[in-house]
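What you see is a predicted model; the values in this text were computed from it and never measured. One is the number of the first residue; the rest follow in order along the sequence.
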Amino acid sequence: DIDINSWEYILANADNSIAEYAPPELVTLEGQLVDSRIADALAAMAADTRAQGLSVYLSSGYRDYSTQQYLYNRKISQGHSAEEAAKIVTPPGTSEHQTGLCCDITDYYHDPKTTDLENTETFQWLLAHCQEYGFILRYPEDKQDITQVMYEPWHFRYVGVEAARY
């Protein structure tokens with residue numbers, strides 16, 4: 001039993017545009033802007049991962065509408081169709097990054113990020129423990145037909161501890 005209208009359940013995807021939404025308050029955590037309401041949980045998850053002797057790199061937290069527009073258009077200019085581009089970089093107004101409730105998390109800076117990240121110890125630990133902090137792996141490999149987004153073993157989304165554990 002959850003209140004689907006609560007802030008942590010805002011849904012941004014191809015079927016649910018959030019238009020030019022911006023979180024009420026952003027804070028900077030390890031160089032990334034995130035919704036202030038998830039900062040403590042994200043900081044704790046990163047600290048506990050490091051306590052296991054693992055490296056943690058936070059990247060791509062909050063992105064505003066215009067940044068998402070730029071990234072999406074860049075994929076199209078690189079030769080991807082609009083449909084293909086939307087599976088790699090969601091169009092503006094449909095990106096979870098615009099909610100400020102997610103962060104890409106890797107073991108160190110990766111450019112580009114690839115699915116090989118699933119083989120890192122950092123990913124394995126995060127996947128096993130992220131729910132303890134209220135996070136989920138938002139774009140798992142076996143749900144691409146539902147999410148309409150490619151598998152991203154780096155994209156962790158805050159939904160609260162109760163929902164994440166469920």
Is the number of heavy atoms from other residues, nucleotides or ligands under 6.0 Å of [X] [atom1] greater than 12?
X: K87; atom1: NZ; answer: no
X: E132; atom1: CD; answer: yes
X: Y21; atom1: OH; answer: yes

Would you say the side chain of [Y] lies within less than 4.5 Å of the side chain of [X], judging by non-hydrogen atoms?
X: P24; Y: R37; result: yes
X: Q148; Y: N13; result: no
X: F123; Y: D107; result: no
X: T49; Y: Q52; result: no

Going by the rule side-chain contact (heavy atoms from CB on, under 4.5 Å), which residues pair with [X] if we only count those two or more places apart in sequence or in a different chain?
X: E20; value: Y65
X: E152; value: Y139, V149, M150, W154, H155
X: D145; value: none
X: D48; value: W125, Y133

* Asked: With D64, which residues qualify under salt bridge (charged side-chain N to carboxylate O under 4.0 Å, His left out), at least two apart?
  ->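 Salt bridge (charged side-chain N to carboxylate O under 4.0 Å, His left out) list for D64, sorted by chain: empty.
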The complete set of side chain to side chain donor-acceptor pair (under 3.5 Å) pairs with one or both residues in residues 156-166, sequence neighbours excluded, reads E96-R157
Apart from V161 itself, members of its ILVMFWY cluster (side-chain separation under 4.5 Å) are none
Review point. With clusters built from Ile, Leu, Val, Met, Phe, Trp and Tyr whose side-chain heavy atoms come within less than 4.5 Å, directly or transitively, what are the remaining members of the cluster of L26, listed by chain and number?
Key: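 Besides L26, the hydrophobic cluster comprises L33, Y62, listed by chain and residue number.
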Gap separating the [atom1] atom of [X] from the [atom2] atom of [Y], nearest 0.5 angstrom:
X: L42; Y: L58; atom1: CG; atom2: CG; result: 5.0 Å
X: S55; Y: R50; atom1: OG; atom2: CZ; result: 8.0 Å
X: D40; Y: M45; atom1: CG; atom2: CE; result: 13.0 Å

Taken in chain and number order and not counting sequence neighbours, the residues that satisfy ring-ring contact (aromatic ring centres under 6.0 Å, His included) with Y108 are H110
Residues at least two apart in sequence or cross-chain that pass ring-ring contact (aromatic ring centres under 6.0 Å, His included) with Y57, listed by chain then number, are Y109
_Check: S81 side chain, E84 main-chain N or O, donor-acceptor pair, under 3.5 Å_ =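 Yes.
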Inspect the contact between E83 and K75 and indicate whether a charged nitrogen and a carboxylate oxygen are less than 4.0 angstrom apart. no
*asked:* Restricting to side-chain hydrogen bond (donor to acceptor under 3.5 Å, both in side chains), what partner residues turn up for T115, sequence neighbours left out?
replied: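 Scan of T115 (side-chain hydrogen bond (donor to acceptor under 3.5 Å, both in side chains), adjacent residues dropped) gives none.
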Q | V56 reachable from L117 in the ILVMFWY side-chain graph, under 4.5 Å edges | A | no
Exercise answer: donor-acceptor pairs, residues 4-11 side-chain atoms, under 3.5 Å, sequence neighbours excluded:
residue: S6; atom: OG; partner: E8; partner atom: OE1; Å: 2.3

